[in-house]
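The sequence lines fix the lettering, A, B, ..., with proteins before strands; numbering per chain opens at 1.
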Protein chains: 2
Amino acid sequence: MTLKLDKVNRGPHLSTLVASSISREIAHGRLNPGDQLPTEQALATTFGVSRNVVREAIARLRSEGRIWSQQGRGAFVANVANSPVLTIDHDALQQADAFKSLFELRGALEVKAAALAAERRTDADLEALKSALTAMNTAPYGSVAWLKADLEFHRAIVAATRNSYMEQFLIFVSERVRESILAAGDQQGSDDMASTTLGEHNRILDAITAGDANAAQEAMQLHLNGAARRVGLRIDDL
Amino acid sequence: MTLKLDKVNRGPHLSTLVASSISREIAHGRLNPGDQLPTEQALATTFGVSRNVVREAIARLRSEGRIWSQQGRGAFVANVANSPVLTIDHDALQQADAFKSLFELRGALEVKAAALAAERRTDADLEALKSALTAMNTAPYGSVAWLKADLEFHRAIVAATRNSYMEQFLIFVSERVRESILAAGDQQGSDDMASTTLGEHNRILDAITAGDANAAQEAMQLHLNGAARRVGLRIDDL
DNA sequence: AAATCACAGTTGTATGATAACATGGCAACA
DNA sequence: TGTTGCCATGTTATCATACAACTGTGATTT
C-alpha cells in the first residue's frame, strides 16, 4: 500500500485509480483472502484523497466481488473464485502472449459453437448466416461494413447454438479480441485475403447447413487458423 | 425511473439498490444507449437517498461499463457490448435449461483445456494431477475432501494449458456450475459412482501423461458426460 | 461467573461547500 | 455579418464534516 497519487493526474477518476491500486495489492498477493483492509480513513490519507473517493472505489470492488464489508467491522478481501463477475484487464492484453491466449480461448468457444450450430440451426439461422455472407461479399475488404458483416456472421453462428451463456461469453471474448486487434493498429488487407476469408466462411456455412457437426468444427478451426495468420500470430497447434 | 426505495430495507447497501434499479431501466429498454441519465441530484431525490449514495452506484455502473460520465456534462448509457465485465445472474441459473447451457459451456472449455494440457504439461503438472487423484482416492465419495481434490484435479489440468485466460474463464464457469449443483441440494453418491469417476479421471491423466491431445479430449468428454448423468442431466450430443 | 453497560472504533448515510468543466447567451469588436 | 471573449448557469468531481448504526472490548454490576 505504498502508491501515491498526484493531483496532476487528469484522466480516470480518482476512485478508479484507488480501486485498481487495491486490486493490484490483491492480485500481487500483498493482500490475501480474508485479510482486513485498512480503514476507509486510513486509505483516504495514504492515497491523499477524501474518504468519499475511497468509498466509491470500495463500492466498485465490492460489486466485482473482490471484497466484502460489514458495518462496524471493516472491509475484507473476498475469495476470488466467488466473484460473480469476470473482468479482463485491457492493459495486460497488450502483451503478445496474452493476446495469443485470449485468441486461443475464443477458438475453443467458437469451434464448439460451430458444432452445436450445425446440430441445432433452424432455417431462420441459415437465412441470417446467408445474408451476413452476401453483405460481406459486397463490402470492400476491411471496411466498416465488412467488419460488421463478419461480426454478424459469427454472432449468427453462436445464436444458432441456442445457448445464451455460450453466446454471452463468446461475444464478450470476441469483443476483447477485436479491441486488441484494432488497438494494435494497421491491418492492411489484400484482395487475396478477402477471397480466402470468404471461402472459409462459405465452407462453415455449408457444413452448418448440412448439419454436419464435425465438418463445421473443422471448417471453423481452419478459419480461425487463417485469421490468426492474417493477424500475425503463429499457430502451432491443431 | 419510477422506483422508490424504503429506508426499511436493511440488507444490501443503498448504492447497490440504486445501481440495480438503473441497471434494470437499461435492461428493460427504458434507458437506451446514448441516453443521458438524470442528474445526480435528481436521482438522489427521486430515490430518496443522498447524492453520495448515487455516486457510489454510478461508480459501480461505470466500472461495469454500463454507463460513462463526463465532468460538466452528465452521465450517459453506454454500449453494452463494450462492457469489459461479465456477470452471471444467479437467479436465472435456477432454471434447468440455463444450467444445461452453462454445463455445456464448461464442457467446451474443459475439453479444449484437456487437449492443450496434453500438449504442454510439464512434469510438475503431472505431479499435481497425480497427487490430486490420490487425494480423491483416499477421501470418501462426496466428502469435502473429495470435492476439494476433484476441483484441484480440474484446476491442475487448466493450469497446464499455460493459458491464464482459459484458466480464469474455466474456473469462473466451474464455480457457477458448482454453486448451482450445491444449491439444487441433495446429491447422494454410491461407491459405484466413486469408482467410475476415479476411472474417468485416471483415463484423462493417462492421456495427458502420454501427451495425446486427442485421447485427452475424448477422455474428458466422456468424464463430463458421466458427470452430467450423475447430476441428472440427459446428454444427447457427443 | 455471568450478564450488563459504557465506550471507542468502523462503516453507512446525509449535507453543504468548492473546484473543474461544458454550454449557451450576450456584448464588444472587426 | 460574423467572430471573439466573457459571464452565468448547470453538471460532475472532490472535499470536509457530522451523525446514525453497528461491532467488539473491557469494566462494572449483579
Side-chain angles (χ1 to χ4, degrees), chain A residues 1 3-22 25-26 31 33-78, chain B residues 1 3-22 25-26 31 33-78:
Chain A
M1 203 65 65
L3 192 138
K4 248 191 253 173
L5 302 179
D6 280 344
K7 282 294 178 81
V8 188
N9 195 316
R10 285 281 138 255
H13 299 151
L14 291 184
S15 63
T16 302
L17 297 180
V18 172
S20 46
S21 289
I22 297 177
E25 299 290 323
I26 297 176
L31 280 174
D35 285 359
Q36 180 163 11
L37 269 70
T39 69
E40 295 180 351
Q41 193 54 251
L43 287 171
T45 59
T46 63
F47 283 118
V49 298
S50 76
R51 203 187 133 207
N52 217 312
V53 169
V54 171
R55 280 195 60 79
E56 286 180 23
I58 288 184
R60 174 175 174 163
L61 293 173
R62 194 170 36 227
S63 91
E64 293 175 2
R66 291 188 146 85
I67 69 175
W68 60 275
S69 50
Q70 186 182 353
Q71 182 172 149
R73 292 226 298 151
F76 303 85
V77 179
Chain B
M1 202 64 65
L3 192 140
K4 250 192 250 174
L5 300 178
D6 280 344
K7 282 294 178 80
V8 187
N9 195 317
R10 284 279 138 256
H13 298 155
L14 292 183
S15 62
T16 302
L17 298 181
V18 172
S20 45
S21 289
I22 298 177
E25 299 290 323
I26 297 176
L31 279 174
D35 284 0
Q36 180 163 9
L37 270 71
T39 68
E40 295 180 350
Q41 195 53 253
L43 288 171
T45 58
T46 63
F47 283 118
V49 298
S50 77
R51 201 183 137 216
N52 216 315
V53 169
V54 171
R55 280 196 60 78
E56 286 178 22
I58 288 183
R60 175 176 171 161
L61 294 172
R62 196 171 35 225
S63 90
E64 293 175 4
R66 290 188 146 85
I67 68 175
W68 60 276
S69 52
Q70 186 182 354
Q71 181 172 149
R73 292 227 297 152
F76 303 84
V77 179

Show the distances under 3.5 angstrom between N or O atoms of the protein and N or O atoms of nucleotides 22-26 of chain C.
| residue | atom | partner | partner atom | Å |
| --- | --- | --- | --- | --- |
| dA22(C) | OP1 | Q70(B) | NE2 | 3.3 |
| dT23(C) | OP1 | R73(B) | NH1 | 3.3 |

Distances for protein N or O near nucleotides 25-27 of chain D N or O, under 3.5 Å:
none

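From I67(B), atom CD1 reaches atom CD1 of I58(B) across 5.0 Å, with rounding to the nearest 0.5 Å.
Listed by residue number, the members of residues 51-59 of chain A with any heavy atom below 4.0 angstrom from DNA chain D are R51(A), N52(A), V53(A).
Rounding to whole angstrom units, CG of residue L37(B) and C1' of dA13(D) are separated by 17 Å. Regarding L14(A), its CG atom lies at a distance of 17 Å from the P atom of dT12(D), rounded to whole Å. Summarising the geometry, the separation between CG on L43(B) and P on dA13(D) is reported as 13 Å, rounded to the nearest angstrom. We find that CZ of F47(B) is positioned 14 Å from P of dT13(C), with the value rounded to whole Å.
In this structure, the side chain of Q36(A) engages the main chain of R73(A) through a donor-acceptor pair within 3.5 Å.
Closest contact between the side chain of E40(B) and the listed nucleotides dA13(D), dT10(C), dT11(D) involves dA13(D).
A close approach under 4.0 Å does occur between a side-chain nitrogen or oxygen of S69(A) and OP1 or OP2 of dG12(C). Between S50(A) and dC15(D) there is a side-chain N or O to OP1 or OP2 distance below 4.0 Å.
Taking R55(B) as the reference, E56(A), E40(B), R51(B) meet the side chain to side chain contact (heavy atoms under 4.5 Å, CB included) condition, with sequence neighbours excluded. Applying the side chain to side chain contact (heavy atoms under 4.5 Å, CB included) criterion to S20(A), with sequence neighbours excluded, gives R24(A). T39(B) is linked by a side chain to side chain contact (heavy atoms under 4.5 Å, CB included) to Q41(B), A42(B), counting only residues two or more places apart in sequence or in another chain.
Side-chain contact of R60(A) with S15(A): a donor-acceptor pair under 3.5 Å is absent, judged by distance alone.
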